[in-house]
Protein chains: 2
Amino acid sequence: MATIYQVSELAGVSLATVSRVINNNSLVSEKTKLKVLEAMKKLDYRPNTVAQSLASNRSNSVGILVSELHGSFYGSMMSDIELALREFGKHAIITAGHSDEKSEKEGVEFLISRSCDALILHVEAVSDEYLIELKTRKIPFVTVNRYIPEIAANCICLDNEMGGYTATKFLLQQGHRDIAYIAGPLWKTDAKNRYDGHLRALQEFNIKPNKRLIYEGNFQEEGGQKGVQVLLETGIAFSAIACANDEMAAGAMSALREKGRSIPDDVSVIGFDNLVFSRYTYPKLSTINYPISDIGKTAASWVLNNLYIDRKEDIQHLFIPELVVRDSVKNIN
Amino acid sequence: MATIYQVSELAGVSLATVSRVINNNSLVSEKTKLKVLEAMKKLDYRPNTVAQSLASNRSNSVGILVSELHGSFYGSMMSDIELALREFGKHAIITAGHSDEKSEKEGVEFLISRSCDALILHVEAVSDEYLIELKTRKIPFVTVNRYIPEIAANCICLDNEMGGYTATKFLLQQGHRDIAYIAGPLWKTDAKNRYDGHLRALQEFNIKPNKRLIYEGNFQEEGGQKGVQVLLETGIAFSAIACANDEMAAGAMSALREKGRSIPDDVSVIGFDNLVFSRYTYPKLSTINYPISDIGKTAASWVLNNLYIDRKEDIQHLFIPELVVRDSVKNIN
DNA sequence: ACAATTATTGTAAGCGCTTTCATAAATGTT
DNA sequence: AACATTTATGAAAGCGCTTACAATAATTGT
């Protein structure tokens, strides 16, 4: 790999000048700029970004931490962010936190030590304090799907409580009164908030939640299956299940079918997230839309606005989830 | 952020010594090592990986390039690779190539300029020559899902031709004779190979392929939908459709259902890839399993073996896809 | 007791770039 | 013509680390 030094030699100028044309530092005469560009081309020169980062303390890359690299949820988020960044010549460095505190911290520190210019974090396990401290460390970052009052300006998130409320309210409006709930891991704030929304909707209809119709799952397909199993074993009748995400809804649907319950005739099911595959399920899943694409783009905009570009757009910090009506909920009024 | 210099000062040793304990260079006495570790802890010291990379020309990170960051296919690959690497303290730097030559090259060069120790590439648009040249540049890399004879040792891939063959042969064995094919973009080698496999199976049963029963899709849901539309418009009868991937199969299924064809009674459908969602479709999709998880792990092993660890395992370079029988194909014998 | 090893630590030269500051050349001003 | 500005370039000091190589201390053998 050619270095800046060889370029400067070939072009007959100093290192500094070459550096200036690399960075488009206007203070170079057209004539020398051309000489340098030619030399760069001739040597197939490519700046060493590591050296650039070290010297400038910038890296033109933003770190992204998601819980998992798989799953359509994170996938589209990463994808949207990367696309938005690349448009401005910025790159994404992506790593996974695996919903584990140690792993998440490790990931964050890794990204910082790579001198990412900013971070976009989908963290679940680290404490609020850690994130607040991160802010005092002067590291530009934005959290996705997590709201912390002390650093509200750094948070972009969905109103999960409202989503949970909307889902259950829809079931209630369709005439359901005996509603089971398959929750996510309640230590995760989004799972907790969705559950709270569910409770609020019930309360609004003066329905006492039945503890035995609540199952705490793991946000995965398997959680939905186990949930249905447990719910059926209680022997308590229910005409609908609200699930805290689509994956568990998919699991619930297959478990129900295996037990001979037809959907939505025997049991209605509603999900949450509106993942790509929810259109493929049978019946097509009614769910709550998580505008992940918008949120990803917004996170990217936050970074661009705060770091790279001089535009002062306002950014939306709270997104309201909307109901997506498909075929998995029956009106029994 | 504390630097190595401050640590050395606090511990009362030289920079070199601190560097040695960071890198576990055994040539440090237990006593001084403790002093240094203590100083590091006291200062909450974290090595600057950028400086490390620049000085050592290693980065403990491997670059991954996939076509897209979304999609369950790439998702699980990235996920498996990251997991395997992290076990050895290595990190993944991920970027997307968007199946576009310029974009893929840009991504590769970005990863190189980040001094990744090795690359794992899922590239589709760059030429064989480019990859061959990459090898001469002494950059350790492995390609996934792409076989280039000249650099066979760097390729890990699925026998796509065999997969295409297996899928169509299964349809034939189930009694189907009028088989439509929805291909992927044929400029992509995997799409081409799958199609070739399809043709071989037909040939084995002495069936002349009907050009009009072949549609070249885009590997996306929409491609499957359009494909079905075009196929039905020909007016030519067919009892089964083989699709070059699951996404198009899902699209084909919904299009068929919209046209009043029931699956598998009127038309059988088989996919390719065995994506997660293929279990959620209705009817559950029969397909060809792409052992993406194994391939991801193998790619990671290749890197680990070649770069970091001194184990001389042999690595599987060619994977044979297997049939997954579910409910979307009817036996009409 | 002394040379020969060996184990431990320090010195200093980079890695490839950016950026401040100084200098030189070109231009404008009166 | 003398001086102030502006513009273009270069010299050189880092950025925070690694790693020869040199130097010193500790250990061993005889």
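Chain naming here is simple, since letters A, B, ... match the order of the sequence lines and numbering starts at 1 in each.
- As rounded to whole Å, 11 Å separates atom P of C/dT9 from atom CG of B/Leu34.
- A donor-acceptor pair shorter than 3.5 Å cannot be found between the side chains of B/Ser53 and B/Ser59.
- Among the atoms of the strands shown, base atoms are found under 4.0 Å from some heavy atom of A/Ser19.
- No hydrogens or angles considered: nothing links the side chains of B/Thr298 and B/Gln316 as a donor-acceptor pair under 3.5 Å.
- In this structure, B/Tyr45 reaches the D/dC17 phosphate: one of its side-chain N or O atoms is under 4.0 Å from OP1 or OP2.
- Between A/Ser61 and A/His91, the side chains place no donor N or O within less than 3.5 Å of an acceptor N or O (distance only, hydrogens not considered).
- Among the nucleotides C/dC17, C/dT19, D/dT9, the one closest to the side chain of A/Arg58 is C/dT19.
- As rounded to whole Å, 14 Å separates atom C1' of C/dC17 from atom CG of A/Asn60.
- One can place CG of A/Asn23 at 13 Å from C1' of C/dG16, the figure rounded to the nearest angstrom.
- Salt bridge status for A/Lys105 with A/Glu133: absent, with no side-chain N to carboxylate O gap under 4.0 Å.
- A salt bridge is defined here as a Lys NZ or Arg NE, NH1 or NH2 lying under 4.0 Å from an Asp or Glu carboxylate O, and A/Lys42 with A/Glu9 fails to meet this definition.
- Within the 4.0 angstrom heavy-atom criterion, no nucleotide atom of any strand lies near A/Asn57.
- Note on B/Thr32: only backbone sugar-phosphate atoms sit closer than 4.0 angstrom, heavy atoms only; bases stay farther off.
- Each of D/dG16, D/dT9, D/dG10 was ranked by its minimum atom distance to the side chain of A/Ala16; first place goes to D/dG10.
- The separation between B/Ile4 atom CD1 and C/dT9 atom P is 15 Å, rounded to whole Å.
- Between the P atom of D/dG16 and the CZ atom of A/Arg114 lies a distance of 16 Å, rounded to the nearest Å.
- Distances were taken from every side-chain heavy atom of A/Leu54 (C-beta onward) to each of C/dG16, C/dT18, D/dT18; the shortest belongs to C/dG16.
- Of the listed residues (A/Ile64, A/Leu134, A/Asn145), just one forms a side chain to side chain contact (heavy atoms under 4.5 Å, CB included) with A/Leu121, and that residue is A/Leu134.
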Exercise for review: Produce a footprint string for nucleotides 22-27 of chain C: one letter per nucleotide, 5' end first; B if the base is under 4.0 Å from any protein heavy atom, S if only the sugar-phosphate is, - if neither.
Suggested key: ------
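- A donor-acceptor contact closer than 3.5 angstrom links the side chains of B/Ser293 and B/Asp80.
- Rounding to whole angstrom units, CD1 of residue B/Ile112 and C1' of C/dG16 are separated by 17 Å.
- Side chain of A/Ser29, nearest nucleotide from C/dC17, C/dG10, D/dT9: D/dT9.
- B/Val13 comes within 4.0 angstrom of sugar-phosphate atoms only, judged by non-hydrogen atoms across all strands, and of no base.
- We find that B/Arg146 and B/Asp190 are not joined by a salt bridge, their nearest charged nitrogen and carboxylate oxygen being 4.0 Å or further apart.
- Between D/dC17 and B/Arg46, no contact under 4.0 Å exists linking OP1 or OP2 to a side-chain N or O.
- D/dC17 atom P lies 7 Å from atom CD of B/Gln52, rounded to whole Å.
- At C/dG10, one or more side-chain N or O atoms of B/Thr17 fall inside 4.0 Å of OP1 or OP2 (strictly under the cut-off).
- Rounded to an integer number of Å, the gap from A/Leu15 CG to C/dC17 C1' is 8 Å.
- Between D/dG10 and A/Ser14, a contact under 4.0 Å exists linking OP1 or OP2 to a side-chain N or O.
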